[in-house]
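Predicted, not measured: the structure shown is a model, and the values here were computed from it.
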Amino acid sequence: MATVNLNDKSLQKINATKEAMSKELQMNYNKQVGLTDQKYNELINASKDYATKQSEIQNQQTNQAIKEINQNKTKAESDYLKEQKGAYADYVKQTNQYGVNAEKQASAGLAGSGYSESSKVTMYNTYQNRYVSARESYMLAVQNYDNQIAQARLQNSSALAEIAYKALKLMDELS
């Protein structure tokens, strides 16, 4: 059987070429792995940025919705105060001792009578009913607006959770 001379120059040259090519191959492989890792990291960072931006947009939309609801709430309060003042103004006009109703009752000879006092009680009850009705409407409106705000916040939380889930799922896939 023939033996191989390991000290042979051509064999050493082939082995050296093999080692050089193996090192070059390993360097190219490491370079490609590094480039791939870099690209995946860029994609992961892009998905994080996307999730952050989507969360900001969602929060802005929710804040705008809450702002509009609060504006409606303020308008409801303004309307309530107008109705309250209007009810009181009407009551004062009707019960004015020198007003039109007083003149009508005086000309009919009913001034100071039980009818006159009964009319004042009726006018006061009407005023109170308008006041209470306006108050109840206002309180119901405020309750509805508060519920809308709570609903907007819940929807925002749900949307933010979905954005975070999708982003984490994508990052996991990329990882």
Side-chain angles (χ1 to χ4, degrees), residues 36-175:
T36 303
D37 286 346
Q38 179 183 352
K39 194 54 150 171
Y40 276 113
N41 286 335
E42 287 174 9
L43 291 171
I44 289 170
N45 288 334
S47 67
K48 286 179 187 177
D49 293 343
Y50 176 79
T52 300
K53 187 65 175 170
Q54 290 302 309
S55 296
E56 288 174 8
I57 290 169
Q58 183 63 40
N59 283 329
Q60 288 172 353
Q61 289 174 339
T62 300
N63 290 340
Q64 181 62 29
I66 290 172
K67 181 181 175 184
E68 290 172 9
I69 292 168
N70 283 328
Q71 288 171 347
N72 290 338
K73 218 168 156 180
T74 301
K75 180 161 179 1
E77 182 180 18
S78 174
D79 292 345
Y80 159 66
L81 292 174
K82 285 179 188 175
E83 177 60 23
Q84 184 183 29
K85 289 175 184 177
Y88 182 74
D90 289 347
Y91 170 72
V92 168
K93 285 179 189 175
Q94 290 175 346
T95 58
N96 184 353
Q97 65 181 355
Y98 303 109
V100 175
N101 285 338
E103 291 293 326
K104 285 181 183 177
Q105 287 180 5
S107 68
L110 298 172
S113 69
Y115 176 78
S116 174
E117 292 303 312
S118 177
S119 293
K120 287 181 183 177
V121 168
T122 300
M123 289 177 215
Y124 182 75
N125 285 340
T126 301
Y127 160 67
Q128 286 296 313
N129 287 338
R130 279 181 67 186
Y131 179 87
V132 168
S133 177
R135 180 76 181 161
E136 286 176 0
S137 293
Y138 169 68
M139 295 306 291
L140 183 61
V142 167
Q143 181 182 13
N144 286 336
Y145 291 136
D146 288 343
N147 288 341
Q148 288 176 5
I149 289 172
Q151 188 67 28
R153 287 190 174 128
L154 284 173
Q155 288 174 349
N156 185 50
S157 295
S158 174
L160 290 176
E162 185 176 342
I163 290 168
Y165 170 75
K166 286 179 180 178
L168 287 173
K169 184 177 175 185
L170 179 60
M171 284 184 264
D172 187 41
E173 289 172 3
L174 293 172
S175 293

Original post:
Can you tell me how far the OG1 atom of Thr62 sits from the CD1 atom of Ile66, to the nearest 0.5 Å?
Top reply: 6.5 Å
Subject >> Pair listing, salt bridge (Lys or Arg N to Asp or Glu O under 4.0 Å) test, anchored in residues 132-143, at least two apart >> reply: none
Original post:
Counting N and O atoms only, with roles assigned by atom type, does the side chain of Ser158 sit under 3.5 Å from a partner on the main chain of Leu154, one being a donor and the other an acceptor?
Top reply: no
Subject >> Interatomic spacing from CD1 in Ile163 to NZ in Lys53 - rounded to 0.5 Å >> reply: 12.0 Å
Original post:
With a 4.5 Å limit on heavy-atom distance, are the side chains of Asp146 and Lys73 in contact?
Top reply: yes
Subject >> Minimum side-chain heavy-atom gap Glu68-Gln64 below 4.5 Å >> reply: yes
Subject >> Separation of Asn59 CG from Arg153 CZ (nearest 0.5 Å) >> reply: 11.0 Å
**OP:** To the nearest 0.5 Å, tell me how far Arg130 CZ sits from Asp90 CG.
**Re:** 4.5 Å
Original post:
Is any side-chain heavy atom of Glu173 closer than 4.5 Å to a side-chain heavy atom of Lys169?
Top reply: yes
Original post:
Between Ser47 and Ala167, what is the shortest heavy-atom contact and its length?
Top reply: O-CB, 4.2 Å
Original post:
Would you call Lys48 and Ile44 a side-chain contact if the rule is heavy atoms closer than 4.5 Å?
Top reply: yes
Original post:
Between atom CG of Asn45 and atom CE of Met171, what is the distance when rounded to the nearest 0.5 Å?
Top reply: 9.0 Å
Original post:
Would you find a donor on one side and an acceptor on the other, under 3.5 Å apart, between the side chain of Asp172 and the backbone of Leu168?
Top reply: no
**OP:** Output yes when Glu162 and Lys166 qualify as a salt bridge under the 4.0 Å nitrogen-oxygen rule, no when they do not.
**Re:** yes
Original post:
Hey, mind stepping through Val142 and Glu77 against side chain to side chain contact (heavy atoms under 4.5 Å, CB included) and telling me if it holds?
Top reply: CA-CA 8 Å; Val142 167; Glu77 182 180 18; over 6 Å; no
Original post:
Considering residues at least two apart in sequence or located in another chain, which fulfil the ring pair (Phe, Tyr, Trp, His ring centres under 6.0 Å) criterion with Tyr50?
Top reply: none
Subject >> Asp79 side, atom CG; Thr74 side, atom OG1 - distance, nearest 0.5 Å >> reply: 11.0 Å
Original post:
Is the closest side-chain donor-acceptor distance between Tyr124 and Gln128 under 3.5 Å?
Top reply: yes
**OP:** Please determine which of Tyr145, Tyr80, Tyr131 meets the ring-ring contact (aromatic ring centres under 6.0 Å, His included) test together with Tyr138.
**Re:** Tyr80
**OP:** Examine the side chains of Gln54 and Gln58 and answer whether a donor and an acceptor come within less than 3.5 Å of each other.
**Re:** no
